[in-house]
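Reading through the structure tokens given below for one structure.
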4 protein chains.
Amino acid sequence: MNSAPDPARRSERARLAVLDSAMELCRENGFAQLTIEAIAERAGVSKKTIYRWWPSKGAVLLEAVSEAATAAAFHVDTGDLAVDMRTQLAGVVALFTPRDSSPVAALMSESQRDPSLATEVREQLIRPRIALFEERMRSAQRSGEIPEGADLGVALDLFYGPIYHRLVFHLDLPDDEELGARVDHVIAALRAMPAANR
Amino acid sequence: MNSAPDPARRSERARLAVLDSAMELCRENGFAQLTIEAIAERAGVSKKTIYRWWPSKGAVLLEAVSEAATAAAFHVDTGDLAVDMRTQLAGVVALFTPRDSSPVAALMSESQRDPSLATEVREQLIRPRIALFEERMRSAQRSGEIPEGADLGVALDLFYGPIYHRLVFHLDLPDDEELGARVDHVIAALRAMPAANR
Amino acid sequence: MNSAPDPARRSERARLAVLDSAMELCRENGFAQLTIEAIAERAGVSKKTIYRWWPSKGAVLLEAVSEAATAAAFHVDTGDLAVDMRTQLAGVVALFTPRDSSPVAALMSESQRDPSLATEVREQLIRPRIALFEERMRSAQRSGEIPEGADLGVALDLFYGPIYHRLVFHLDLPDDEELGARVDHVIAALRAMPAANR
Amino acid sequence: MNSAPDPARRSERARLAVLDSAMELCRENGFAQLTIEAIAERAGVSKKTIYRWWPSKGAVLLEAVSEAATAAAFHVDTGDLAVDMRTQLAGVVALFTPRDSSPVAALMSESQRDPSLATEVREQLIRPRIALFEERMRSAQRSGEIPEGADLGVALDLFYGPIYHRLVFHLDLPDDEELGARVDHVIAALRAMPAANR
DNA sequence: TGCTAACCGAGACGGTACGTCGCGTCTTCTA
DNA sequence: TAGAAGACGCGACGTACCGTCTCGGTTAGCA
């Protein structure tokens, strides 16, 4: 029988070396140059070991980014939604900067050509963060900063759309000042809008 | 001087065969399987001919998409902004569907790993379409559908952000109904917003 | 240090398949059609594997010929020099026949355009066989068939010159009868000649 | 009808430029680097022009060598065969020196992989020179330097064999001193040998 | 002396093979 | 038995020449 590898015997040293090497190589050479062979060599690990524990180089990147990005892009709750969203959005922009060597951008790019990775990324990385965003929004609803009936899906699009729109087209990402203005507009719009019907 | 090939001698037959083959192969196998060799074979063209006229397979795709997408994603002007933007956004969504084999999606993905392609795409494909969008917006301003002072950059983000936001994360693209609701929200928001200061 | 591949890990199966395929293809199509790609395909081996172990297709041929030609062109010692040299020279002629598809002829041709291969061929293939020839000559000297003082370099030229002279110019190689007559002449000449002075 | 090119219209300028360029490139880069494209570029001639007048690059080389080698390797007749043959053999050795960039050596190498070129070379270049050699031999027979009955085919092998033997195996070609000694031996052998029977 | 057919340069074209790279699988050996 | 080392079959890469072909432009020989 084709037995799956036994996680209990897994070398934590090798695991960390792989994740670190992947991040380093991505930052150094850009993700176009990121290869399994380079990761293995840098990590002092055999290719077999990588393939034993990860299905693809995208999966390595996902795990590396997951561990590194736990703290980043967190939603703080100071009670001032505008301030908190500026912080949050600036954090997200920072994750994608510089574009050519950001491991997060690499992960997104890799997802475009590997549907199963896309699913993993969406479920493990994106959905939980959307949930955190919605939590923060509900907190803002409770404190009256935005209406109870505001559609959180719309809110998500409004806050984050500008970033990803530009990311896709390689336009300049918004700077802090622009982010601030957009946050104000979005909050104003959410206040003005009637509740969506879904 | 590094003598560039002479466009006057270029074979139009070969050019069209390459562009068509690239589009077909992309639709058939998805762009992960799209290779220069496959394009060359399908087109009945030598690899050398492709490399002579295009620097990369992304550049082939850009030219193919450019020629194919001239009509698509056009901005109509019926005088009703909401109707026109629904049409337009539905056209854009259609361009990215189905995601795994859409040549346009392929082009965006390819741009993420080839900065020079990203620049070409932005300048040749995106900027002109942004200009068309702004033209339509100014028409709406003249007819009073949206305020004179509305920030068109904000409008761009609000209209298109939702699409690209979901594209990046492989979330479901909005359907016609949702697009309609978003268009209404955005137009309402634009009416409510004070002019931006840039 | 530029790490060379580790011979201990080398696949003997692949090595033999490559050598056999090279010989077969040479015999079937002539060496003008002999390519690395064809060898790789016939052998069921990747091009990478060939390039890992041999610097050029000439080197493959050299190894193939070396292994195949160990027995051929051997010097027997029946005590009758004329008989033995006829046997030997006929063997050499056979190695170059038919000219268009003889792997040995291919090797010589390849040597003309690859100086480093020429060196390898000379040192690994030719010099040892010259040594064997000289051994046989010394045996003939001891038995008195040719004078003690005969110059073995001259003997070498006289015996083998006729073959290679014709090979170079694509003249007909000597047949058995002609070989016999030449051998007799050469032996007579060696008996008549005074010792050379080098 | 597929009409052959008309020699009357042929450009002598182009013809000479091609032959010169072939010789120069051969001397500069060795014949492994000699290509039709390089000849065409160097000569300021289109590839089409080369293919119109010559069937292969070997044929170009043959014509170039033929024109250049008319004078070289001529048989002088001072009345002293030993002296004349030393001159002649030294001339032949010079034609093949330096081995890696000698157009004559290139021509021989090219003949190994192109049987029709081999035939051309033999008939146009070699046979006439063998005839000249035999003429000189007959002159020597008339003057009594070698016996009337001497086999000129054997003489040919004996004189030239040493050179081609070494050429094939990339052994050092004989220097003047060695050539002299060999010539003396061969003449002595020819005197001693009974007439061959063909 | 003007016409016209050919050669001429230039170089794009469809091909074949090159030598390299990275993939994902595999085998061998060590700890 | 996990892990390192790395050879293996595979397939695409981008390049070099091949020999053929189409272009205008020149040029040589006939009208």
Side-chain angles (χ1 to χ4, degrees), chain A residues 3 5-11 13-15 17 33-41 43-53 55-57, chain B residues 3 5-11 13-15 17 33-41 43-53 55-57, chain C residues 3 5-11 13-15 17 33-41 43-53 55-57, chain D residues 3-11 13-14 17 33-41 43-53 55-57:
Chain A
S3 59
D6 176 0
R9 292 183 166 277
R10 182 169 188 180
S11 159
R13 186 195 64 67
R15 189 182 141 269
Q33 266 60 11
L34 186 66
T35 65
I36 294 269
E37 305 223 323
I39 296 172
E41 183 173 355
V45 141
S46 79
K47 288 200 292 174
K48 179 87 183 194
T49 299
I50 297 183
Y51 285 110
R52 175 147 42 221
W53 300 110
S56 66
K57 113 181 117 181
Chain B
S3 60
D6 177 359
R9 296 188 169 283
R10 183 169 189 179
S11 159
R13 183 193 62 67
R15 193 183 76 84
Q33 267 59 329
L34 185 66
T35 66
I36 296 270
E37 301 223 323
I39 296 172
E41 183 175 353
V45 141
S46 75
K47 286 199 290 174
K48 178 87 186 203
T49 296
I50 298 182
Y51 286 111
R52 180 154 33 224
W53 300 111
S56 65
K57 99 183 132 185
Chain C
S3 60
D6 177 0
R9 297 188 169 282
R10 183 167 187 181
S11 159
R13 182 194 62 67
R15 192 182 78 85
Q33 267 60 336
L34 186 65
T35 66
I36 296 269
E37 300 222 322
I39 296 172
E41 182 173 355
V45 141
S46 73
K47 285 199 291 176
K48 177 93 183 201
T49 296
I50 297 182
Y51 285 110
R52 179 151 37 223
W53 299 110
S56 66
K57 98 183 134 186
Chain D
S3 60
D6 176 0
R9 291 179 169 278
R10 182 169 187 179
S11 159
R13 186 196 61 68
Q33 266 62 5
L34 186 65
T35 65
I36 295 269
E37 305 224 321
I39 295 171
E41 183 174 353
V45 142
S46 78
K47 287 199 292 173
K48 179 90 187 196
T49 298
I50 298 183
Y51 285 110
R52 177 149 38 221
W53 300 111
S56 66
K57 109 183 124 182

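- By the side chain to side chain contact (heavy atoms under 4.5 Å, CB included) test, B:R9 pairs with B:D6, sequence neighbours left out.
- Separating the CD atom of A:E41 from the P atom of E:dC23 is a distance of 13 Å, rounded to the nearest angstrom.
- Toward the 5′ end of DNA chain E lies the nearest nucleotide of D:S11, the other residue of the pair D:S11 and A:E37 mapping further downstream.
- Residue contacts shown for A:R10 are limited to sugar-phosphate atoms, with no base heavy atom under 4.0 Å away.
- Looking at which nucleotide of DNA chain F each of C:A43 and D:D6 is closest to, the 5′-most match is held by C:A43.
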### Query
In the 5'-to-3' direction, what one-character label does each nucleotide of nucleotides 25-31 of chain E receive under the scheme B = base within less than 4.0 Å of a protein heavy atom, S = sugar-phosphate only, - = no such atom?
BBBB---

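- Applying the side chain to side chain donor-acceptor pair (under 3.5 Å) rule to B:S56 yields no partners; only residues at least two apart in sequence or on another chain are considered.
- Rounded to an integer number of Å, the gap from D:W53 CH2 to F:dG19 C1' is 18 Å.
- Listed here is the closest heavy atom pair of D:A14 and D:V45: CB-CG2, 3.9 Å.
- Taking D:E37 as the reference, D:T35, D:K47 meet the side chain to side chain contact (heavy atoms under 4.5 Å, CB included) condition, with sequence neighbours excluded.
- Between B:I36 atom CD1 and E:dC21 atom C1' the separation is 16 Å, expressed in whole Å.
- Scored by the side chain to side chain donor-acceptor pair (under 3.5 Å) test, A:S11 finds no partners at all (sequence neighbours excluded).
- Between A:R13 and the phosphate of F:dA4, there is a side-chain N or O to OP1/OP2 separation shorter than 4.0 Å.
- Atom NZ in A:K57 sits about 9 Å away from atom C1' in E:dG22, given to the nearest Å.
- By the side chain to side chain contact (heavy atoms under 4.5 Å, CB included) test, C:A17 pairs with C:A43, sequence neighbours left out.
- In this entry the distance linking CD1 of A:I50 with P of E:dG22 reads 14 Å, nearest Å.
- Annotation for C:A40 and C:S46: closest pair CB-C, 4.2 Å, computed over non-hydrogen atoms.
- In this structure, A:T35 and C:Q33 both approach DNA chain E, and ranking their closest nucleotides by distance from the 5' end singles out C:Q33.
- Each end of the helix from E:dT1-F:dA31 to E:dA31-F:dT1 gets its own rotation axis from five pairs of C1' atoms, and the angle between them is 10° to the nearest 10 degrees.
- Within the 4.5 Å cutoff, the side chain of B:W53 has no heavy atoms near those of the B:R15 side chain.
- If you check distances only, the side chain of B:S46 does reach the base of E:dG14 with a donor-acceptor pair under 3.5 Å.
- The CD1-P distance, from D:I39 to E:dG9, rounds to 14 Å in whole Å.
- Of all heavy-atom pairs spanning C:I36 and C:K57, the tightest one is CD1-CB, 3.6 Å.
- Atom CZ in C:R52 sits about 12 Å away from atom C1' in F:dC10, given to the nearest Å.
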